[in-house]
Amino acid sequence: MPIKAGIPAPEISLPDENGTIHILKDYRGQAVVLYFYPKDDTPGCTAEACNFRDNYSAYTDAKVVILGISPDTVKSHARFKNKYTLPFPLLADEGHKVCDLYGVWGPKKMMGREYEGVLRTTFLIDRDGKIAKVFENVKPAEHSAEVLAAIKSF
């Protein structure tokens with residue numbers, strides 16, 4: 001189960017596609033969209049990332065930072081980001097420690113096969129570092145509009 005809204009966002013420190021470390025507390029004073037996705041360059045994850053990319057100017061106008069997180073490597077993130085011209089950092093959570101911390105690593109099922117993986121979830125973090133909203137069971141192609149609507153309400 002993902003952690004709930006209303007609590008301080010757990011601290012993270014992860015490298016992006018260039019190896020630059022991102023620390024969540026460094027974004028205090030800005031709202032943050034922290035979105036967890038299963039795997040680079042897969043259909044759903046690509047649709048979600050490109051959806052955020054296509055609406056990126058609306059996020060920057062609202063002074064909101066987007067950070068994508070998956071257990072893929074820095075190198076994989078670099079290829080994915082370059083291939084789709086993604087304008088926001090992709091953070092590498094190899095070993096899924098941050099996924100565990102946020103409660104988004106768990107049982108999944110695909111084509112009758114059960115396995116552990118990232119449960120597609122997004123956290124909207126307010127300017128004070130508190131979780132304002134949690135989006136579970138995200139529909140990748142429509143998700144960015146849903147997040148933007150939530151941003152306008154706070």
Side-chain angles (χ1 to χ4, degrees), residues 1-74 76-94 96-105 118-154:
M1 288 280 294
I3 56 175
K4 300 295 178 203
I7 66 167
E11 190 52 66
I12 66 168
S13 176
L14 291 172
D16 67 13
E17 68 285 345
N18 298 313
T20 302
I21 301 296
H22 291 257
I23 301 170
L24 192 56
K25 70 180 176 186
D26 291 346
Y27 293 100
R28 288 292 190 303
Q30 296 175 283
V32 176
V33 170
L34 195 63
Y35 85 95
F36 290 84
Y37 65 99
K39 185 144 184 63
D40 290 338
D41 214 5
T42 56
C45 297
T46 299
E48 185 176 20
C50 290
N51 200 243
F52 280 122
R53 176 201 64 202
D54 294 347
N55 294 320
Y56 190 67
S57 64
Y59 289 98
T60 57
D61 290 348
K63 299 187 179 7
V64 176
V65 174
I66 299 172
L67 300 172
I69 299 179
S70 87
D72 291 305
T73 65
V74 167
S76 175
H77 282 338
R79 283 191 304 268
F80 184 48
K81 182 172 176 163
N82 289 335
K83 182 175 181 179
Y84 294 100
T85 319
L86 303 176
F88 47 83
L90 299 176
L91 308 184
D93 185 23
E94 292 183 68
H96 59 82
K97 287 184 178 132
V98 172
C99 290
D100 286 334
L101 187 62
Y102 275 77
V104 301
W105 185 265
V118 176
L119 307 170
R120 192 183 305 276
T121 309
T122 298
F123 297 88
L124 181 54
I125 302 169
D126 70 17
R127 289 164 178 74
D128 298 321
K130 277 193 167 173
I131 296 175
K133 187 159 178 63
V134 181
F135 301 86
E136 296 181 69
N137 303 313
V138 170
K139 299 210 179 345
E142 306 155 16
H143 185 49
S144 182
E146 181 183 28
V147 174
L148 283 169
I151 288 168
K152 290 177 183 163
S153 72
F154 84 85

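The figures that follow rest on heavy atoms only: side chains count, while hydrogens, waters and symmetry mates do not.
Here CD1 of Ile125 is found 8.5 Å from CZ of Arg28. Values are rounded to the nearest 0.5 Å. Atom CG of Asp61 and atom CG of Leu148 lie 10.0 Å apart (nearest 0.5 Å). Between Glu17 atom CD and Ser76 atom OG the span is 11.0 Å, to the nearest 0.5 Å. Of the inter-residue distances, the one linking Cys50 atom SG with Asn55 atom CG reads 11.0 Å to the nearest 0.5 angstrom. Atom CG of residue Leu14 and atom OG1 of residue Thr20 lie 12.5 Å apart, to the nearest 0.5 angstrom. The distance from atom CD1 of Ile21 to atom CD1 of Ile23, rounded to the nearest 0.5 Å, is 7.5 Å.
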Quick one: do Asp41 and Arg79 satisfy salt bridge (charged side-chain N to carboxylate O under 4.0 Å, His left out)? Show the steps, please.
-> CA-CA 9 Å; Asp41 214 5; Arg79 283 191 304 268; over 6 Å; no
side-chain contact (heavy atoms from CB on, under 4.5 Å) between Val33 and Tyr59, worked out | CA-CA 9 Å; Val33 170; Tyr59 289 98; 4.0 Å; yes
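Contact between Leu119 and Thr121 at its shortest, heavy atoms only, is O-OG1, 2.7 Å. For the residue pair Ala5 and Val134, the shortest heavy atom distance occurs at N-CG2, 3.8 Å. The two residues Val104 and Pro2 come nearest to each other via the heavy atoms CG1-CB, 4.4 Å. The shortest heavy-atom contact between Phe88 and Ala49 is CZ-O, 3.7 Å.
The side-chain heavy atoms of Arg120 and Cys45, taken from C-beta on, include a pair separated by under 4.5 Å. Between Ile131 and Leu124 the shortest side-chain heavy-atom distance does not fall below 4.5 Å. Ile3 places a side-chain heavy atom less than 4.5 Å from the side chain of Pro10.
Tyr56 meets the ring pair (Phe, Tyr, Trp, His ring centres under 6.0 Å) test with no other residue; sequence neighbours excluded. In terms of the side chain to side chain donor-acceptor pair (under 3.5 Å) criterion, Thr46 has no residue partners (sequence neighbours excluded). For Lys97, the salt bridge (charged side-chain N to carboxylate O under 4.0 Å, His left out) test picks out no residue, with sequence neighbours left out. For Ile12, the side chain to side chain contact (heavy atoms under 4.5 Å, CB included) test picks out Leu24, Leu34, Ile69, Leu91, Val98, Tyr102, with sequence neighbours left out. In terms of the ring pair (Phe, Tyr, Trp, His ring centres under 6.0 Å) criterion, Tyr27 has no residue partners (sequence neighbours excluded). Residues meeting the salt bridge (charged side-chain N to carboxylate O under 4.0 Å, His left out) test with Asp40, sequence neighbours left out: none. In this structure Lys25 satisfies the salt bridge (charged side-chain N to carboxylate O under 4.0 Å, His left out) test with no other residue, sequence neighbours excluded. Contacts of Gln30 classified as side chain to side chain donor-acceptor pair (under 3.5 Å), with partners at least two apart in sequence or in another chain: none. For the salt bridge (charged side-chain N to carboxylate O under 4.0 Å, His left out) test, no residue two or more places apart in sequence or in another chain qualifies with Arg53.
Listed by first then second residue, pairs satisfying side chain to side chain donor-acceptor pair (under 3.5 Å) with a partner in residues 5-16 read Asp16-His22, not counting sequence neighbours. Pairs passing the side chain to side chain donor-acceptor pair (under 3.5 Å) check and including a residue from residues 125-135, sequence neighbours excluded, do not occur.
When each of Tyr35, Phe36, Phe52 is checked for a ring pair (Phe, Tyr, Trp, His ring centres under 6.0 Å) with His143, only Phe52 meets the rule.
Distance alone, capped at 3.5 Å, places no donor-acceptor pair between the Asn51 side chain and the Ala47 backbone.
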Anything under 3.5 Å between a donor and an acceptor, one on a side chain of residues 135-142, the other on a protein residue two or more places apart or in another chain? List them.
none

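By the 6.0 Å contact criterion, NZ on Lys4 is enclosed, its count of non-hydrogen atoms from other residues, nucleotides or ligands being greater than 12.
No side-chain donor-acceptor contact under 3.5 Å links Thr42 and Tyr37. Judged by distance alone, the side chains of Asp72 and Ser70 do bring a donor and an acceptor atom under 3.5 Å apart.
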